[in-house]
Protein chains: 2
Amino acid sequence: MSFKGHRMTNQRRTILEVLKGTTSHPTADWIYDEVKQKIPNISLGTIYRNLNLLAESGQILELNYTNTQTRFDGNPSPHYHFICQECGRVYDLALELQPQLDMEAEQISGHRIDFHRLEFYGICQECLTHDSPPN
Amino acid sequence: MSFKGHRMTNQRRTILEVLKGTTSHPTADWIYDEVKQKIPNISLGTIYRNLNLLAESGQILELNYTNTQTRFDGNPSPHYHFICQECGRVYDLALELQPQLDMEAEQISGHRIDFHRLEFYGICQECLTHDSPPN
DNA sequence: ATATCTGCAAATGGTTTGCGGAGGA
DNA sequence: TCCTCCGCAAACCATTTGCAGATAT
């Protein structure tokens with residue numbers, strides 16, 4: 001099982017499994033801690049190299065919503081996100097895709113538009129109902 | 001001329017002028033080089049401190065589209081952007097705002113949504129018509 | 001067989017910060 | 001006056017990378 005000339009190493013498989021097995025849009029550091037439980041001597045450099053390679057080959061998504069740590073999404077199919085400004089959690093949104101926006105923007109701007117990214121910001125349900133939110 | 005207890009120093013005024021005087025969504029480094037022409041001994045730390053302060057007080061926008069350098073926008077009113085994947089330039093888009101998306105996303109998710117960010121990606125008109133694009 | 005990958009550790013580079021002095025209000 | 005701000009330089013920290021050995025195919 002490989003992907004376009006890339007080898008499916010134990011490290012790469014485990015990283016992909018961990019990322020596919022969560023909906024929390026984790027950071028490289030969080031993934032590192034998780035994978036370490038299965039491959040104790042894995043290095044953080046390997047985590048980064050594989051996350052970048054997986055993102056380049058379209059198997060995962062890279063999310064840059066802040067200027068600090070990058071987050072990763074095991075679901076590579078197009079969808080929108082919600083970012084809670086209180087706890088920082090990132091949620092998937094079931095909002096339907098809006099491909100007509102690409103057409104409109106293309107006509108207005110004259111640029112060739114391939115895709116768009118849409119992120120919503122606010123306070124998540126969890127933080128709204130709890131005084132001291134976890135995480 | 002101040003802003004909520006903040007002092008309007010020569011450095012801060014010049015940084016704001018430079019940023020308001022361009023539509024190129026520059027990086028802190030570019031702003032540094034520009035401001036240095038007027039205040040030769042200004043430090044990069046001052047650039048960052050002021051950009052952060054101006055962003056926090058809503059006078060400018062902070063754009064995090066990549067995991068490398070942050071870009072800044074002298075126009076703080078809500079609008080959408082287009083990022084060219086060939087030359088990296090960031091353009092403003094005249095596309096009308098889509099506030100109904102906030103309503104829809106709020107109903108679907110149950111989170112309180114305050115605003116959204118929408119960015120389009122593709123190849124800009126400049127790069128489409130020129131073989132070797134500048135910048 | 002061999003090109004890709006890994007662990008290790010050092011380097012990178014954008015951004016932040018502590019400090020003592022300067023300068024707006 | 002006094003509190004915020006500045007320049008300077010070091011620190012910070014997420015991410016990248018060079019190298020020599022390991023491993024998937």
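Each chain gets a letter, A, B and so on, in the order the sequences are listed, and its residues count up from 1. Keep in mind it's a predicted model, so treat the numbers as computed, not measured.
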Quick one: B/I47 CD1 to C/dT16 P, roughly how many Å, whole number? 13 Å
Taking OP1 and OP2 of D/dC5, is either one under 4.0 Å from a side-chain nitrogen or oxygen of B/N50? no
In whole Å, what is the span from the CH2 atom of A/W30 to the C1' atom of D/dT15? 20 Å
Classify the ring geometry between A/F115 and B/Y121 as parallel (under 30°), tilted (30 to 60°) or perpendicular (over 60°). parallel
Would you say B/K38 has more than 12 foreign heavy atoms packed within less than 6.0 Å of its NZ? no
Integer-rounded Å distance: D/dG7 C1' and B/I39 CD1: 12 Å
So B/Y91 and B/F82, would you call those rings parallel, tilted or perpendicular, with 30° and 60° as cut-offs? tilted
Sequence neighbours left out, what passes side chain to side chain donor-acceptor pair (under 3.5 Å) with A/R49? Give chain and number order. none
Can you name the ring-ring contact (aromatic ring centres under 6.0 Å, His included) partners of B/Y80, sequence neighbours left out? B/H116
Note: for A/T9 and B/Y48 on DNA chain C, the residue whose nearest nucleotide lies more 5' is A/T9
Between CG of B/N64 and C1' of D/dA14 the distance, given in whole Å, is 14 Å
Below 4.0 angstrom from OP1 or OP2 of C/dG14, is there any side-chain N or O of B/T68? no
If you check the B/R49 side chain, which of C/dG7, C/dT15, D/dG7 turns out closest? D/dG7
For A/K36 and C/dC8, what is the distance between atoms NZ and P respectively, to the nearest whole Å? 11 Å
To the nearest angstrom, the CG-P distance between B/L44 and C/dG14 comes to 9 Å
So which one's nearest nucleotide on DNA chain D is more toward 5', A/D29 or B/N10? B/N10
Across the strands shown, which category fits A/R12 at heavy-atom distances under 4.0 angstrom: base, sugar-phosphate, nothing? sugar-phosphate
Would you classify A/I42 as touching base, sugar-phosphate or nothing, given that sugar-phosphate means primed atoms plus P, OP1 and OP2, and contacts are heavy atoms under 4.0 Å? sugar-phosphate
Taking 4.0 Å as the cut-off, does a side-chain nitrogen or oxygen of A/S43 come that near to OP1 or OP2 on C/dC8? no
Once you round it to whole Å, what is the distance between P of D/dT4 and CZ of B/R13? 19 Å
Euclidean distance, atom CZ of residue B/R7 to atom P of D/dC3 [Å, nearest integer]: 9 Å
Base, sugar-phosphate, or nothing: which does A/T70 touch, judged by heavy atoms less than 4.0 Å apart? sugar-phosphate
hbond_proxy B/R71 side chain to C/dG14 base (donor-acceptor, 3.5 Å cutoff): no
Taking only side-chain N and O atoms of B/Q11, does any of them lie within less than 4.0 angstrom of OP1 or OP2 on C/dG23? no
With a cut-off of less than 4.0 Å, is there a side-chain N or O of A/N52 near OP1 or OP2 of D/dT15? no
